[in-house]
Amino acid sequence: MAQAFLALVRALARKVSRIGALNGLGQPVLKLVSPGVPDFYQGTELWSLSLVDPDNRRDVDYATRRRELQGLEPWLDRAAGHGPLGPEELQPLLEHWQDGRIKLLVTAGGLWARRAMPQLFGAGAYVALDTDGRHDDHLIACARDAGDGGDAVIAVVPRLAAALERGTGALGVPADAWDDTYVLLPASLAPGQWRSLITGAELTPHDVGRGRHGVLVRDLLADCPVAALLRASSATSA
């Protein structure tokens with residue numbers, strides 16, 4: 001009886017930890033794109049399992065964070081505009097998501113963009129994005145737009161992912177689980193080509209019917225569980 005109970009607890013812990021990790025990836029993306037100054041508590045660059053004071057006042061292992069960040073430089077260099085990461089290159093970070101490197105990559109990529117484009121992130125208009133399709137209620141999507149068809153950034157993260165996440169393998173909702181779900185873009189954000197700040201992959205919005213433009217989520221989140229897309233004008237592109 002005890003062994004059966006422990007097996008159930010372990011299975012629940014594995015499921016909860018994966019959903020928690022997806023939420024933990026989505027939080028920095030939204031924090032980086034939303035208006036205001038993103039507040040990163042020291043030590044949360046990787047997973048943080050602290051609860052409340054004084055538990056979260058423990059010493060931060062900066063040496064480990066420096067080492068892991070240096071190890072991610074090839075990924076960050078590619079995502080910053082020097083060629084896209086292939087799915088096989090990002091896969092190790094998602095398969096070994098427990099080490100927190102995928103969260104560090106997402107955070108560092110977003111901070112690079114904020115430093116490179118201060119006007120966009122400091123003064124760009126906030127735009128709530130609509131979603132449509134079978135699982136449109138499992139998404140949060142928003143954008144910042146500098147206007148005049150120039151610099152802009154889009155954030156898309158899953159919500160209530162337990163219904164879609166399959167509980168095994170690499171972290172994330174499988175691409176085919178999104179079915180026909182897509183993110184709609186207003187006319188000001190539809191033109192141009194967008195580049196992922198995480199993978200460096202490029203996406204172009206397309207007509208999704210009734211004169212609307214958007215991006216299918218199965219394409220948007222095919223290689224990473226969360227997305228932050230940048231559209232840079234020629235003057236500020238990396």
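For this chain, numbers begin at 1 and follow the sequence in order. The analysis underlying the following values was restricted to heavy atoms, covering all of them including side chains, and did not include hydrogens, waters or symmetry mates.
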Original post:
Which heavy atom of Ala141 sits nearest a heavy atom of Thr131, and at what distance?
Top reply: CB-CG2, 4.3 Å
**OP:** Please assess Arg166 against Asp176 for the test salt bridge (Lys or Arg N to Asp or Glu O under 4.0 Å), listing each intermediate value before the final yes or no.
**Re:** CA-CA 11 Å; Arg166 294 176 182 168; Asp176 60 0; 2.9 Å; yes
Original post:
Measuring from Asp136:CG to Asp130:CG, what's the distance to the nearest 0.5 Å?
Top reply: 9.5 Å
Original post:
Roughly how far apart are Arg101 CZ and Leu90 CG, rounded to 0.5 Å?
Top reply: 10.0 Å
**OP:** Check whether any side-chain heavy atom of Leu221 lies under 4.5 Å from a side-chain heavy atom of Val173, and answer yes or no.
**Re:** no
Original post:
Can Arg195 and Glu202 be counted as an ion pair, charged N to O under 4.0 angstrom?
Top reply: no
Original post:
At what distance, to the nearest 0.5 angstrom, does NE2 of His96 lie from CG of Leu171?
Top reply: 12.5 Å
Subject >> Donor-acceptor under 3.5 Å (Thr107 side chain, Leu104 main chain) >> reply: no
**OP:** Under the salt bridge (Lys or Arg N to Asp or Glu O under 4.0 Å) rule, what do Asp137 and Arg159 come out as? Steps first, then yes or no, please.
**Re:** CA-CA 8 Å; Asp137 58 341; Arg159 65 182 290 269; 5.5 Å; no
Original post:
Does a donor on one side chain and an acceptor on the other come within less than 3.5 Å for Tyr62 and Arg67?
Top reply: no
**OP:** State yes or no: do Leu46 and Leu105 share one hydrophobic cluster built from I, L, V, M, F, W and Y residues joined by side-chain heavy-atom distances below 4.5 Å, directly or via other members?
**Re:** yes
Subject >> Leu189 side chain near Arg231 side chain, heavy-atom distance below 4.5 Å >> reply: yes
Original post:
Any idea which heavy atoms bring Leu229 and Ser196 closest together, and the distance?
Top reply: CD2-CA, 3.7 Å
Original post:
What do you reckon, is CD of Glu68 surrounded by more than 12 foreign heavy atoms closer than 6.0 Å?
Top reply: yes
Original post:
Leu76, Leu25: one ILVMFWY side-chain cluster at the under-4.5 Å cut-off?
Top reply: yes
**OP:** Indicate, with yes or no, if Leu72 and Leu111 share a hydrophobic cluster defined by side-chain heavy-atom contacts under 4.5 Å among Ile, Leu, Val, Met, Phe, Trp and Tyr.
**Re:** no
Original post:
From Ser188 OG over to Asp145 CG, what is the distance, rounded to the nearest 0.5 angstrom?
Top reply: 4.5 Å
Original post:
Taking side chain as C-beta onward, heavy atoms only, is His213 less than 4.5 Å from Leu184?
Top reply: no
Original post:
Which heavy atom of Val60 sits nearest a heavy atom of Gly43, and at what distance?
Top reply: CG1-CA, 3.8 Å
**OP:** Before accepting this row, confirm whether a basic side-chain N of the pair Lys103/Glu45 lies closer than 4.0 Å to the acidic partner's carboxylate O.
**Re:** no
Original post:
Mind checking whether Pro205 and Trp194 have side chains closer than 4.5 Å, heavy atoms only?
Top reply: yes
Subject >> Among Lys15, His138, Arg18, the one residue meeting side-chain hydrogen bond (donor to acceptor under 3.5 Å, both in side chains) with Glu165 >> reply: Arg18
Subject >> Heavy-atom closest pair, residues Ala228 and Val29 >> reply: CB-CG1, 4.4 Å
Subject >> Closest approach of Trp47 to Trp97 (non-hydrogen atoms, all atoms of both residues) >> reply: NE1-O, 2.6 Å
Subject >> Any side-chain heavy-atom pair of Asp132 and Tyr182 under 4.5 Å >> reply: yes
Original post:
Heavy-atom count around Gln119 CD within 6.0 Å, excluding the residue itself: above 12?
Top reply: no
Subject >> Side chain to side chain, Pro158 and Ile140, heavy atoms closer than 4.5 Å >> reply: no
Original post:
So, does Trp75 use its side chain to make a donor-acceptor pair with the main chain of Leu93 at under 3.5 Å?
Top reply: no
Subject >> Path from Leu22 to Leu32 over hydrophobic side-chain contacts below 4.5 Å >> reply: no
Subject >> Donor-acceptor under 3.5 Å (Ser34 side chain, Lys31 main chain) >> reply: no
Original post:
Do the non-hydrogen side-chain atoms of Val153 and Phe121 ever get within less than 4.5 Å of each other?
Top reply: yes
Original post:
Would you find a donor on one side and an acceptor on the other, under 3.5 Å apart, between the side chain of His135 and the backbone of Ala177?
Top reply: yes
**OP:** Determine whether Pro225 and Leu94 make a side-chain contact, defined as any pair of heavy atoms from C-beta on separated by less than 4.5 Å.
**Re:** yes
Original post:
How long is the gap from CD1 on Ile198 to CD1 on Ile102, to the nearest 0.5 Å?
Top reply: 7.0 Å
Original post:
Would a distance-only check, ignoring hydrogens and angles, find a side-chain to backbone donor-acceptor pair under 3.5 Å from Arg114 to Gly110?
Top reply: no
**OP:** Verify, without hydrogens or angle tests, whether Arg144 (side chain) and Val33 (backbone) share a donor-acceptor contact under 3.5 angstrom.
**Re:** yes
Subject >> Polar side-chain atom of Thr181 near backbone of Trp178 as donor-acceptor pair, under 3.5 Å >> reply: yes
Original post:
Does Asp180 come within less than 4.0 Å of Arg218, counting only side-chain N to carboxylate O?
Top reply: no
